[in-house]
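Step one of this worksheet: look at the structure below.
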Amino acid sequence: MSYDYEKVEVPADGETITADEDGTLDVPENPIIPIIHGDGIGKDVGPAAQKVLDAAAEATGRSVEWMRVYAGSTAREKYDENLPDDTVEAIKQFHVAIKGPLTTPVGAGFRSLNVALRQKLDLFANVRPTYHLDGVPSPVKEPSTMDMVFFRENTEDVYAGIEWEAGTDEVEQVRDFVGEEMGFEDTMHDGPIGIGVKPISEYGTKRLVRESIDYAIENDRDSVTLVHKGNIMKFTEGAFRDWGYEVAEEEYGEDVITEDTLWDEHDGEQPEGTLVVKDRIADNMLQQLLTRTGDYSVIATMNLNGDYMSDAAGAQIGGLGIAPGANFGQKRCLAEPVHGSAPKHAGEDKANPTAMILSGRLMFEYMGWDDAGQLIRDAVEESISSKKVTYDLERQIEGGEKLKASEFAENVVENIHELS
Ligand SMILES: NC(=O)C1=CN([C@@H]2O[C@H](COP(=O)(O)OP(=O)(O)OC[C@H]3O[C@@H](n4cnc5c(N)ncnc54)[C@H](OP(=O)(O)O)[C@@H]3O)[C@@H](O)[C@H]2O)C=CC1
Ligand SMILES: O=C(O)CCC(=O)C(=O)O
Ligand SMILES: [Mg+2]
């Protein structure tokens, strides 16, 4: 597939990652990888992460040919629009890409460009592995017990953007329909009202839960927990739980058992080689993240729960400066940190680039570059263990040396050279 780009240049030297029908990638040693630096601190952490990823690629005998693409403020400058087709088409064509954070206005203005990218590219699984690196300060006593991988459904839920603003004709039509025709007249207060719709489909749920179970099996994880608020939102979050169990029970045979089976048939002793699928109600799960951290491994949940939970879990492993993520779809990966554009720190070369660097690690692993990924993790861990850190960690580490974002990246690059 080729595309006539309007304002970006395809690097002449790199090669294109290709994918066959069943989704297997063919990754050359010098792939072209689109990158969006992002808004706010994206300007700082984007280039810093790029340096580290370059060094890890080079140290393992490869190179990355970066292709700068644009969204958010940089796209407005270059294209006079928020999300140009060039950017979406580049990610489609090259299969693998990385982005920094993009700012979304609150309450009015354009809709989230992050959500738009996930929807346009059908990146249905937002995967956020949350693990503790040696030396990272944490507000909890045993941060190393946190080792969870969040699978967050990425294309529906209240993030689908089906909502109507108070005072519009549209919202009054919806109010009439929901009130008069559907019988919920007494449920809504009089006066101005905003109304949103929360779609949760069997298709969206099952492909996300399937992805989480496949991941758990491939990575020797012992459980997948479906997190929902199905006691209250019965036909959306409750249906997510039921469809999730259906996938587990109907598609995986005896190697995947439910928590009920674990207790009814195995007295709570998990048989070797099995995966347990369980579920928890979301409010309880938020406290379990702290009180029974080690009991959970892979989490599958919907868009909003996953958003809240991944920030909360990120706090336990040192904060948003550390927490990586990536969005996956059919033959596609768009890596991005959990954090946003943190406007108050923008352009100061101070934000922690670790989350973006470790998101790059996820991207490399998707490409089959596990050795480069491991090198990145080891090198970052080395910098942090030697207390050479950015402001967010330095304020919590006694005797820490405060580095700028770019200096931290240089330190990690030095470690890559030493370790390789
Ligand atoms: N995927 C995306 O692109 C996302 C975009 N957003 C968008 O980002 C914007 C800002 O959101 P906001 O709610 O402020 O959340 P942010 O995640 O941007 O920042 C919140 C706070 O987290 C800390 N933090 C975040 N990233 C880092 C980092 N790399 N290094 C060190 N500390 C960090 C800072 O805390 P402190 O100041 O205490 O040091 C910061 O003030 C919004 O427009 C939001 O919509 C939000 C999330 C994801
Ligand atoms: O799109 C946004 O601005 C926020 C998204 C977000 O918080 C997330 O994906 O974690
Ligand atoms: Mg978020």
Side-chain angles (χ1 to χ4, degrees), residues 35-49 71-75 82-83 87 97-120 123-128 130 136-137 139 150-161 301-315 317-327 334-360 380 384 389-397 402-406 408-409:
I35 181 166
I36 299 169
H37 284 166
D39 296 329
I41 57 167
K43 294 181 198 76
D44 307 307
V45 299
S73 56
T74 54
N82 284 314
L83 184 55
T87 300
I98 184 165
K99 69 176 275 293
L102 297 168
T103 300
T104 311
V106 176
F110 60 85
R111 290 197 171 278
S112 165
L113 305 172
N114 307 300
V115 173
L117 275 165
R118 297 166 192 163
Q119 289 176 335
K120 277 176 189 272
L123 297 162
F124 63 90
N126 180 217
V127 179
R128 295 180 160 177
T130 310
V136 175
F150 292 87
F151 279 73
R152 163 190 179 199
E153 204 292 324
N154 228 359
T155 61
E156 46 185 13
D157 199 351
V158 285
Y159 286 49
T301 192
M302 288 146 284
N303 218 331
L304 180 60
N305 294 336
D307 196 355
Y308 289 163
M309 269 197 295
S310 52
D311 268 38
I317 51 122
L320 293 183
I322 301 284
N327 305 289
L334 175 61
E336 65 172 329
V338 172
H339 66 71
S341 56
K344 72 176 180 183
H345 304 302
E348 293 180 8
D349 193 17
K350 69 181 269 201
N352 192 343
T354 301
M356 180 102 177
I357 293 169
L358 295 176
S359 301
V380 167
I384 295 173
V389 290
T390 45
Y391 86 94
D392 51 325
L393 303 188
E394 187 268 343
R395 68 188 169 190
Q396 303 172 70
I397 298 180
K402 181 156 70 178
L403 302 185
K404 294 178 176 175
S406 55
F408 177 81

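Order of appearance sets the numbers: ligands from 1, and atoms from 1 within every ligand.
Using a 4.5 Å heavy-atom threshold, the side chains of Asp307 and Tyr159 count as touching. Taking 4.5 Å as the limit, every side-chain heavy atom of Ile35 sits out of range of all side-chain heavy atoms of Lys99. Leu123 places none of its side-chain heavy atoms less than 4.5 Å from the side chain of Thr155.
Counting only heavy atoms of the protein, atom 1 (O) of ligand 2 lies nearest to Ser112 OG, 2.5 Å. With respect to atom 3 (O) of ligand 2, the closest heavy atom belonging to the protein is Thr104 OG1, 2.5 Å. Scanning all protein heavy atoms for the shortest distance to atom 4 (C) of ligand 2 gives Asn114 ND2, 4.4 Å.
Of all the heavy atoms of Glu336, none lies under 4.0 Å from any atom of ligand 2, so neither backbone nor side chain is involved. Only the side chain of Arg118 comes within 4.0 Å of ligand 2, judged by heavy-atom distances.
For Asp307, the nearest N, O or S atom to the Mg ion (ligand 3) falls under 2.8 Å.
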(request) Could you walk me through whether Phe110 and Leu113 pass side chain to side chain contact (heavy atoms under 4.5 Å, CB included), step by step? (result) CA-CA 8 Å; Phe110 60 85; Leu113 305 172; 3.9 Å; yes
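Because its NZ or CZ atom is both nearer than 6.0 Å to the ring centre of Tyr391 and within 45° of the ring axis, Lys350 counts as a cation-pi partner of that residue.
Residue contacts with ligand 2 do not include Arg111, since none of its heavy atoms lies under 4.0 Å from the ligand.
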Atom pairs, nitrogen or oxygen, ligand 1 to protein, under 3.5 angstrom:
unit_1	atom_1	unit_2	atom_2	d
ligand 1	1 (N)	Glu336	OE1	3.0
ligand 1	3 (O)	Lys99	NZ	3.4
ligand 1	3 (O)	Leu102	N	2.9
ligand 1	3 (O)	Asn114	OD1	2.9
ligand 1	3 (O)	Asn114	ND2	3.2
ligand 1	8 (O)	Ser341	N	3.0
ligand 1	8 (O)	Ser341	OG	3.3
ligand 1	17 (O)	Gly340	N	2.7
ligand 1	18 (O)	Gly340	N	3.3
ligand 1	18 (O)	Gly340	O	3.4
ligand 1	18 (O)	Ser341	N	3.2
ligand 1	18 (O)	Ala342	N	2.7
ligand 1	29 (N)	His339	NE2	3.4
ligand 1	29 (N)	Asn352	O	2.9
ligand 1	30 (N)	Asn352	N	2.9
ligand 1	32 (N)	Tyr391	OH	3.2
ligand 1	37 (O)	Lys344	NZ	3.0
ligand 1	37 (O)	His345	NE2	2.7
ligand 1	39 (O)	Tyr391	OH	2.5
ligand 1	39 (O)	Arg395	NH1	3.3
ligand 1	39 (O)	Arg395	NH2	3.1
ligand 1	43 (O)	Thr104	N	2.9
ligand 1	43 (O)	Thr104	O	3.1

